[in-house]
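For reference, positions follow the sequence shown, starting with 1.
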Amino acid sequence: MRLKDKSLSFVVNFLLGIAWATAFLGAISIFLSNYSNSFLFALFAAVFAMVPGLVAVLCLEHFITSKEKLHLLQTQTKLLQALLEKEQNS
C-alpha cells in the first residue's frame with residue numbers, strides 16, 4: 001500500500017499479484033510440460049514463459065514509482081511556495 005489513493009492502490013496491488021502469479025505459473029507449467037524432452041530446453045522455455053508476467057510487474061512497479069515521485073514533488077512544491085511567500089512577506 002504505497003499509494004495514497006486506497007482504491008487505486010488496491011487495484012494496482014491486485015494487478016501486481018496477478019502479474020507475479022502469471023510469471024510463476026507460466027514458468028512452472030511450461031517447465032513441467034517440457035521436462036520429459038530435455039532439462040535444458042525446459043529451463044529455457046520456463047525463462048521465456050516468465051517474460052510476459054515480469055514485463056507486467058515492471059510496468060506496474062514503474063507506475064507505482066511514478067505516482068510516488070509525483071506525490072513527493074507536489075509536497076516539495078508546496079513547501080517551496082510556502083518558503084517563498086514567507087521570504088516575500090519579510
Side-chain angles (χ1 to χ4, degrees):
M1 297 276 196
R2 296 179 282 183
L3 298 174
K4 298 298 176 190
D5 186 17
K6 292 194 186 283
S7 60
L8 180 64
S9 179
F10 175 76
V11 171
V12 170
N13 285 327
F14 182 74
L15 291 174
L16 196 58
I18 289 174
W20 276 114
T22 302
F24 287 131
L25 289 176
I28 290 170
S29 64
I30 294 296
F31 180 79
L32 292 177
S33 66
N34 291 320
Y35 182 70
S36 60
N37 296 339
S38 167
F39 179 76
L40 190 60
F41 177 72
L43 193 62
F44 284 130
V47 169
F48 285 123
M50 287 181 73
V51 169
L54 292 178
V55 167
V57 168
L58 285 175
C59 290
L60 289 167
E61 287 291 337
H62 176 70
F63 176 76
I64 291 171
T65 305
S66 297
K67 284 290 198 181
E68 286 178 338
K69 184 177 179 181
L70 176 65
H71 176 60
L72 288 174
L73 286 173
Q74 287 174 341
T75 305
Q76 185 181 31
T77 302
K78 287 179 186 177
L79 290 172
L80 289 172
Q81 286 175 347
L83 283 173
L84 184 62
E85 288 175 4
K86 184 178 179 182
E87 182 179 298
Q88 288 176 351
N89 289 338
S90 296

Interatomic distance, OG1@Thr77 vs CG@Leu84, rounded to 0.5 Å, equals 12.0 Å
Hits for side chain to side chain contact (heavy atoms under 4.5 Å, CB included) against Glu87, two or more places apart or cross-chain, chain-then-number order -> none
Shortest non-hydrogen pair, Ala56 vs Ala19, comes out as CB-CB, 3.7 Å
CD (Glu68) and OG1 (Thr65) are apart, to the nearest 0.5 Å, by 6.0 Å
Check for me whether the distance between the ring centres of Tyr35 and Phe31 falls short of 6.0 Å.
yes
Q | Single-linkage hydrophobic cluster, 4.5 Å side-chain cutoff, Phe48 and Leu43 together | A | no
One should read off an interatomic distance between Leu25 CG and Ile18 CD1, to the nearest 0.5 angstrom, of 11.5 Å
Margin query: Are Val57 and Val11 linked, directly or through intermediate hydrophobic residues, by side-chain heavy-atom contacts shorter than 4.5 Å (ILVMFWY only)?
Written below: yes
Exercise for the section: Dump the intermediate steps for side-chain contact (heavy atoms from CB on, under 4.5 Å) on Glu61 and Leu16, then the final yes or no. Expected result: CA-CA 8 Å; Glu61 287 291 337; Leu16 196 58; 3.3 Å; yes
Across all chains, not counting sequence neighbours, the ring pair (Phe, Tyr, Trp, His ring centres under 6.0 Å) partners of Phe24 are Trp20
Do Val51 and Leu58 land in one hydrophobic cluster if side-chain heavy atoms of ILVMFWY residues count as linked below 4.5 Å? no
The reported gap from NE2 in His62 to SG in Cys59 (rounded to nearest 0.5 angstrom) is 8.0 Å
To the nearest 0.5 Å, atom CD1 of Ile30 lies from atom CZ of Phe41 at 9.0 Å
Rounded to the nearest 0.5 angstrom, the CG-CD1 distance for Leu8 and Ile64 is 8.5 Å
In terms of heavy-atom contacts, Ala23 and Met50 come closest through O-CG, 3.4 Å
